[in-house]
S.K.: 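Before anything else, here's the structure in question.
One is the number of the first residue; the rest follow in order along the sequence.
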Amino acid sequence: MRALPLILTALGQACVLGAIEVLGRRGLRPELTRRLAHVAGAASVAVLPVFLTLTEMGVLAVFFTGVLAWTRLRHQLDSVHAVQRPTVGALVFPAGLLAGAWVGWGHPLAIAFGALVLALADPCAAWVGLRFRGPGWRVPGGRKTLAGAAAFVVTTVLVGAVLAGLSSGRLPALVAAALLLAAVEASVGYGLDNLPLPPLASLLATSWLGL
């Protein structure tokens with residue numbers, strides 16, 4: 001395990017969290033700052049395997065899980081924790097991304113797919129669901145909508161198309177993967193979808209999409 005890449009990556013991630021916390025203290029609503037942290041944190045994992053080993057990513061995940069748990073208990077880092085809904089999504093966020101890296105290790109594009117589904121499709125579904133409402137259903141701790149699920153599918157297909165190419169032979173598998181991931185996202189509450197989405201997406205990327 002190499003100390004320097006690990007420290008530099010941890011400092012970079014901490015700077016991102018710090019910058020988002022500053023935005024929150026300057027008036028940006030917690031729902032928006034939390035979403036920014038979600039996008040930035042998950043998207044960064046798409047490229048981390050270039051710089052870190054799996055063990056180093058595991059150390060990083062444990063460290064940030066501890067930071068997020070401690071700040072939640074101390075009522076700090078409001079940019080992440082002060083949302084007005086019951087959620088433990090932030091606490092399982094690092095573990096989900098680590099699981100995605102573990103499942104897809106040796107397949108960088110598969111890891112990127114898992115990370116970017118969490119970074120982009122998940123918050124896009126939440127934003128569209130809140131903005132357009134429409135038909136929906138209750139899940140523990142919240143509500144999911146058909147519009148949000150559709151946004152998740154579209155975003156996942158676009159992410160997969162960028163990473164895998166949108167050939168006619170690959171499109172059915174990509175759509176099927178997006179629908180399966182959307183079904184998981186749409187059935188889990190309390191932010192716990194952050195845990196299964198990256199590993200499942202990485203698995204589908206290697207087995208169905210050939211990434």
S.K.: Hey, what do you get for CE (M1) to CG (L52), rounding to the nearest 0.5 Å?
M.R.: 11.0 Å
S.K.: Is there a path of hydrophobic side-chain contacts, each under 4.5 Å between heavy atoms of I/L/V/M/F/W/Y residues, joining L97 to L203?
M.R.: yes
S.K.: Rounded to the nearest 0.5 Å, how far does CZ of F93 lie from CG of L192?
M.R.: 14.0 Å
S.K.: If we only count heavy atoms from C-beta on, is the R72 to V80 side-chain gap below 4.5 Å?
M.R.: no
S.K.: Can you name the nearest heavy-atom pair linking L211 to A110, along with the distance?
M.R.: CB-N, 4.0 Å
S.K.: Within the distance-only criterion (no hydrogens, no angle test), does the side chain of R170 pair as donor or acceptor with the backbone N or O of A164 below 3.5 angstrom?
M.R.: yes
S.K.: How close do G89 and N194 get, counting heavy atoms only, and between which atoms?
M.R.: O-ND2, 3.0 Å
S.K.: Using only atom types and a distance under 3.5 Å, with no angle test, would you say the side chain of S202 pairs donor to acceptor with the backbone of G100?
M.R.: yes
S.K.: Report the C-alpha separation of K144 and E185 in whole Å, then their side-chain angles, then the decisive distance to 0.1 Å, and conclude whether the side chain to side chain contact (heavy atoms under 4.5 Å, CB included) test is met.
M.R.: CA-CA 9 Å; K144 305 285 185 172; E185 192 276 337; 3.0 Å; yes
S.K.: Quickly, which of V88, V92, L91, L73 forms a side chain to side chain contact (heavy atoms under 4.5 Å, CB included) with L68? Name it, please.
M.R.: L91
S.K.: I'd like to know if V184 and V153 are part of one continuous hydrophobic network [Ile/Leu/Val/Met/Phe/Trp/Tyr, side-chain heavy atoms within less than 4.5 Å].
M.R.: yes
S.K.: Might you point out which heavy atoms bring A183 and S187 nearest each other, and give the distance in Å?
M.R.: O-OG, 3.0 Å
S.K.: Side-chain contact test, heavy atoms from C-beta onward, threshold under 4.5 Å: evaluate it for P140 versus Y190 and give yes or no.
M.R.: yes
S.K.: Less than 4.5 Å apart, any side-chain heavy atom of T9 and any of M57?
M.R.: no
S.K.: Return the orientation label for the F132 and W127 ring planes: parallel under 30°, perpendicular over 60°, tilted otherwise.
M.R.: perpendicular
S.K.: Would you check, one step at a time, whether the test side chain to side chain contact (heavy atoms under 4.5 Å, CB included) holds for L98 with L54?
M.R.: CA-CA 8 Å; L98 176 62; L54 185 58; 4.2 Å; yes
S.K.: Answer yes if L180 and V157 sit in the same cluster of Ile, Leu, Val, Met, Phe, Trp and Tyr residues linked by side chain heavy atoms under 4.5 Å apart, and no otherwise.
M.R.: yes
S.K.: What do the steps show when you test F113 against T156 for side chain to side chain contact (heavy atoms under 4.5 Å, CB included), and what is the final call?
M.R.: CA-CA 9 Å; F113 181 70; T156 300; 3.8 Å; yes
S.K.: Let me check something: do L204 and V175 share a hydrophobic cluster, defined by ILVMFWY side-chain heavy atoms less than 4.5 Å apart, either directly or through other members?
M.R.: yes
S.K.: What's the separation between atom NE2 in H107 and atom OG in S207, rounded to the nearest 0.5 Å?
M.R.: 10.0 Å
S.K.: Are the side chains of V117 and F152 in contact, using a 4.5 Å heavy-atom criterion?
M.R.: yes
S.K.: Within the 4.5 Å heavy-atom criterion, are V103 and I111 side-chain neighbours or not?
M.R.: no
S.K.: As an exercise, state the distance from CG of L209 to CG of L174, rounded to the nearest 0.5 Å.
M.R.: 5.5 Å
S.K.: Report the distance from atom CG of L23 to atom CG of L28, rounding to the nearest 0.5 Å.
M.R.: 6.0 Å
S.K.: Within a strict 4.5 Å, meaning less than it, do heavy atoms of the E31 and R85 side chains meet?
M.R.: yes
S.K.: Given side chains that start at C-beta, do those of Q13 and L48 come closer than 4.5 Å, heavy atoms only?
M.R.: yes
S.K.: Might you confirm whether atom CZ of R143 has over 12 heavy atoms from other residues, nucleotides or ligands at distances under 6.0 Å?
M.R.: yes
S.K.: If you count heavy atoms of other groups shown closer than 6.0 angstrom to CH2 of W102, is the number above 12?
M.R.: no
S.K.: Any donor-acceptor pair under 3.5 Å linking the side chain of H38 with the backbone of L118?
M.R.: yes
S.K.: Between T87 and R34, is the side chain to side chain contact (heavy atoms under 4.5 Å, CB included) condition met? List the steps.
M.R.: CA-CA 12 Å; T87 176; R34 182 184 174 95; 3.3 Å; yes
S.K.: Same cluster or not: are V159 and W208 linked, directly or through other Ile, Leu, Val, Met, Phe, Trp or Tyr residues, by side-chain heavy atoms under 4.5 angstrom apart?
M.R.: yes
S.K.: Closest approach of A125 and G148, non-hydrogen atoms and distance?
M.R.: CB-O, 3.2 Å
S.K.: If you draw a 6.0 Å radius around CZ in R131, do more than 12 non-hydrogen atoms from other residues or ligands fall strictly inside?
M.R.: no
S.K.: Check L17 against F64 and note the closest heavy-atom contact, atom names and distance.
M.R.: CD1-CE2, 4.2 Å
S.K.: Quiz question: by atom type and distance under 3.5 Å, do the side chains of E21 and T33 form a donor-acceptor pair?
M.R.: no
S.K.: Could you measure the distance from the CZ atom of R35 to the SG atom of C124? Nearest 0.5 Å is fine.
M.R.: 9.5 Å
S.K.: Minimum heavy-atom separation for E56 to L6, with atom names?
M.R.: O-CD1, 3.2 Å
